[in-house]
Amino acid sequence: MGIQPSRLAAGALCAAVFLAITAPALSQGYPNRPVRLIVPYSAGGATDIVARIMAQRLPEFLGQQVVIDNRPGAGGLIGTDTVAKAAPDGYTLLTTSTPHVILPHLHKKIPFDALKDYEPIMQFGDQPYALTIHPSLGVTTVKELIALAHKQPGIINYASSGNGGAQHMFAALFVSMAKLDMVHIPYKGSGPARADLLGGQVKLGCLGIASVLANHKAGQVRILAVTSAKRSPEIPDIPSIAETIPGYSASLWQGLAAPHATPRAVVERIRRDVVKTMGSPDVKAAFERSGTYVIVTNPKDFGDLLRVEFDKWGKVAREINLRVD
């Protein structure tokens, strides 16, 4: 015998009333114990590095310890799902990044809704990548690279840290918008991809600027362009891909999110203290050393970014027919 609609409605009403009553009390004393910051990737990666920089300084403003909890696995699915199922009380937060809105398009089914199961708090970082080639390719501009690839369809290969990762998708977007035929070579991580690019086994890739800048200066690789819409202040003499392909833009953004239904007052408290943290000169300097720029937004703007990026990378995944299961 099924549950009567009237009972379902009554249950939903009771839950809403309970939340309305308890949320103010919950937020009033927040925080009164350490906050857990889930990083759904391994220690030492781009998102983990900036999360640790932020977490080290944030307790000065938040008044409680911030504990980094790395939950890698399945491309970020495990850690991200952990937050979706956590209590919406502000004590379990997600350090999220661009792959958050890529993952749903790679799997037939995932255990959470990337948009609906989270309360966006803010974006706090943005890391452009570098379209990098091995010098043996013999080109010095994006325009020359495109011309060469058109002459050699299916010949030039590009490396990435793995199927569906940011490196793969940023390069795939370039290949798609330039209407090129290139061969994707996925590696098990950024390190091996970078090593083979340095050795010339693969000819190009979209890698983090910080990971290849010294090699670029030494002439071991050549950065043709940055993936951000505008030039990077770090290397202002290097053009953006968008200067050759209008509309191209890709970066590894980082942000904070909480489980759905986390009280608004808690979300605003977290954001307020993170904004203060990001304003610290030493935090900005540490971010820039990692190749990341401090960007602070509000919940609405970050939510808008998530929706735009979700649609954008979904389109790319469909165009290249990308599935990992």
Side-chain angles (χ1 to χ4, degrees), residues 46-47 50 76 96-106 114-115 120 122-133 141-146 149 158-161 164-180 182 184 190 204-213 216 222-255 257 287-288 290-298 300-320 322:
T47 300
V50 295
T96 186
S97 59
T98 309
H100 180 84
V101 291
I102 295 176
L103 280 171
H105 306 291
L106 308 185
L115 301 179
M122 64 182 295
Q123 180 185 357
F124 65 84
D126 192 78
Q127 183 181 113
Y129 276 30
L131 177 59
T132 308
I133 66 161
T141 67
V142 174
K143 185 176 181 180
E144 290 177 359
L145 172 61
I146 292 173
Y158 67 93
S160 84
S161 57
Q167 292 184 6
H168 179 198
M169 300 302 279
F170 292 3
L173 180 62
F174 168 72
V175 170
S176 174
M177 292 185 71
K179 296 179 171 54
L180 304 177
M182 290 185 174
H184 174 225
S190 301
L204 65 92
C206 285
L207 283 71
I209 293 175
S211 70
V212 292
L213 185 55
H216 167 77
R222 182 177 296 133
I223 297 177
L224 294 186
V226 294
T227 61
S228 48
K230 298 180 179 179
R231 296 190 180 203
S232 167
E234 188 177 7
I235 44 176
D237 56 320
I238 302 293
S240 66
I241 293 176
E243 291 176 41
T244 302
I245 305 177
Y248 181 96
S249 177
S251 64
L252 184 71
W253 47 259
Q254 291 96 10
F287 264 51
E288 289 177 3
S290 74
T292 304
Y293 303 104
V294 169
I295 291 182
V296 292
T297 64
N298 56 46
K300 180 184 181 304
D301 288 345
F302 187 39
D304 290 343
L305 174 69
L306 291 174
R307 286 184 287 274
V308 169
E309 289 276 286
F310 184 92
D311 293 340
K312 171 182 176 178
W313 295 116
K315 180 181 178 182
V316 174
R318 290 189 296 273
E319 286 179 349
I320 62 177
L322 179 61

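We use all heavy atoms of the structure for the numbers below, so side chains are in, but hydrogens, waters and symmetry mates are not.
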From F170 atom CZ to S228 atom OG, the distance as rounded to the nearest 0.5 Å: 10.0 Å
Going by salt bridge (Lys or Arg N to Asp or Glu O under 4.0 Å), name the residues that satisfy it together with R318, two or more places apart in sequence or in a different chain. none
Please enumerate all residues that pass ring pair (Phe, Tyr, Trp, His ring centres under 6.0 Å) together with F124, with sequence neighbours excluded. none
Does the side chain of M169 come within less than 4.5 Å of T98's, by heavy atoms? no
Close side-chain approach of V175 and H184, heavy atoms under 4.5 Å: no
Gap separating the OG1 atom of T96 from the CG atom of L306, nearest 0.5 angstrom: 7.0 Å
Working to the nearest 0.5 angstrom, can you tell me the gap between L131 CG and I241 CD1? 4.5 Å
Check the orientation of Y248 and F174. Use parallel for under 30°, tilted for 30 to 60°, and perpendicular for over 60°. perpendicular
Should D301 and Q123 count as side-chain neighbours, where that means a heavy-atom distance under 4.5 Å? no
Any salt bridge between K300 and D304, counting N to O under 4.0 Å? yes
Residue pair P233 / P236: nearest heavy atoms and the distance that separates them: O-CD, 3.3 Å
Quick check: do E243 and R231 have side-chain heavy atoms less than 4.5 Å from each other? yes
Quick one: does I235's side chain get under 4.5 Å of H216's, heavy atoms only? no
With a 4.5 Å cut-off on side-chain heavy atoms, are T297 and L305 touching? no
Drop me the distance from R222's CZ to L204's CG, to the nearest 0.5 angstrom. 12.5 Å
Assert yes or no for the condition that the ring centre distance of Y293 to W253 is strictly below 6.0 Å. no
Anything under 30° is parallel, anything over 60° is perpendicular, the rest tilted; go ahead and classify H105 against F310. tilted
Under 3.5 Å side-chain donor-acceptor pair for Q167 and S160: no
Considering only heavy atoms from C-beta outward, does the side chain of K312 approach that of L173 to under 4.5 Å? yes
Give the C-alpha distance, both sets of side-chain angles, the deciding distance and a yes or no for side-chain contact (heavy atoms from CB on, under 4.5 Å) between E144 and I133. CA-CA 12 Å; E144 290 177 359; I133 66 161; over 6 Å; no
Closest non-hydrogen contact found for A172 with I320 is CB-CD1, 3.9 Å
Do V50 and S290 come within less than 4.5 Å of each other through their side chains, counting heavy atoms only? yes
